[in-house]
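Report on one structure; see the data block that follows.
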Amino acid sequence: MSDQIKNSDLTILYNQAIDFTNSHYENFPVLSFFVPKNLRKYIAVVYQFARQADDIVDEGPYSIEEKLIQLENYENELINSHNQKYQNDFWKVFHRTVIAKNLSKENFINLIKAFKQDLIKFRYNNFDDLLNYCENSADPVGRIILEIYNIRNNEAKNYSDLICTALQLTNFYQDVSIDFQKGRIYIPQNEMNDFSIDDNDIKNSINKIKFAELMEFQVNRTKKMFLEGRKILNFLPFRLRLQILVTIKGGEEILNKIKKLNYDVINQRPKLNKIDFIKIFLSTIIFGK
């Protein structure tokens, strides 16, 4: 396709990305009112990029091999877009976003790497193994957001990685039963062994006391990551600071709900409700911490 695009057409494509983003449910709105109007279109395009790759993994009646091929094609389209060779109009607006905000190509490549890994790796031997996955699946998202806001401080990136990894881990604990049905376990195998938990215990919801102890260990470690990662707030402009604080508090509240369930995430999926959202929002606006 030609790399020529009118400003009016570009506006249409950005609006389509915004519509796409708003049409998909997430724990927190991706384009909340905390996001400055001039940046909403860029964040929408990044979200669409990630969601399209995610849909390749989780949607459609395709085999693992076919999905891997689709992800390879998606990665090739990404690489081609950097050379102004566009498979479709999305890649045009994506490339314009990368150029406008000077976004690192590596972060997008790493995200696709994580999506590929989800198709072929279903167990993690230890916590370092799991962290390596999060480095590709979660951390690039935070780094892209920092770049969109032109924050390129290495210390800020490190704290961002902590928060993104903690959010990813929280999502794993929230979705233990859902992931298990897909054949995936995102709890380190050596730690399951330490607490005398195996696949059969999760499948049949037995050995509950040991499982609760295992999950308590996971939750407490993740809470510490959130606490340390909060130092990212010192590097952020006011509105982004509020956005990230709301996100952090949402993750922490999920962990609190897991604790209130006595860590039984096999039979119950903790989820934020409207009251939780209101409390988190108001506490963030009023107290800012």
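All heavy atoms count here, side chains included; hydrogens, waters and symmetry mates do not. Here, residue 1 is the first one in the sequence, and each next residue gets the next number. Note that the structure is a prediction, hence the values are computed from the model and not measured.
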Step-by-step side chain to side chain contact (heavy atoms under 4.5 Å, CB included) determination, N110 to E135: CA-CA 8 Å; N110 287 342; E135 286 179 3; over 6 Å; no
Steps toward side-chain hydrogen bond (donor to acceptor under 3.5 Å, both in side chains) verdict (S283, K249): CA-CA 10 Å; S283 67; K249 289 165 74 72; 3.3 Å; yes
Pair D175 + K182: basic N to acidic O under 4.0 Å: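 No, no charged N to carboxylate O under 4.0 Å.
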SB check D55 R51 (cutoff 4.0 Å):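 The answer is yes: the pair qualifies as a salt bridge.
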Does any N or O in the side chain of [X] come within less than 3.5 Å of the main-chain N or O of [Y], such that one atom is a donor and the other an acceptor?
X    : Y    : answer
Y263 : F217 : no
D276 : N273 : yes
N88  : F90  : yes
D54  : A50  : no
D201 : D198 : yes
S63  : E66  : yes
R184 : D179 : no
E213 : F195 : no
N193 : Q189 : yes
N83  : K85  : no

Geometric class of the Y133/Y124 ring pair [parallel <30°, tilted 30-60°, perpendicular >60°]: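 Tilted: the ring planes of Y124 and Y133 meet at 30° to 60°.
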Check: Y149 ring centroid to Y42 ring centroid under 6.0 Å: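 No, the ring centres sit 6.0 Å or more apart.
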Ring centroid separation F94 to F108 under 6.0 Å: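 So the answer is yes for these two rings.
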Honestly curious: do [X] and [Y] fall in one hydrophobic cluster under the side-chain, below-4.5 Å linking rule?
X    : Y    : value
I244 : F238 : yes
V46  : I99  : no
L261 : V176 : no

Sequence neighbours excluded, every pair satisfying salt bridge (charged side-chain N to carboxylate O under 4.0 Å, His left out) that has a member inside residues 216-226: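 Qualifying pairs: E191-R221.
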Derivation of the salt bridge (Lys or Arg N to Asp or Glu O under 4.0 Å) call for E75 and K113: CA-CA 9 Å; E75 184 174 8; K113 186 185 299 183; over 6 Å; no
NZ-CZ distance between K257 and R269, expressed to the nearest 0.5 angstrom: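 That separation rounds to 11.5 Å.
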Under a 3.5 Å threshold, yes or no: a donor from one side chain and an acceptor from the other, between [X] and [Y]?
X    : Y    : result
T165 : D139 : yes
Y62  : Q70  : no
R123 : N125 : no

Qualifying residue for ring-ring contact (aromatic ring centres under 6.0 Å, His included) with Y186, from Y173, F180, F172: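 Among Y173, F180, F172, the one meeting ring-ring contact (aromatic ring centres under 6.0 Å, His included) with Y186 is F172.
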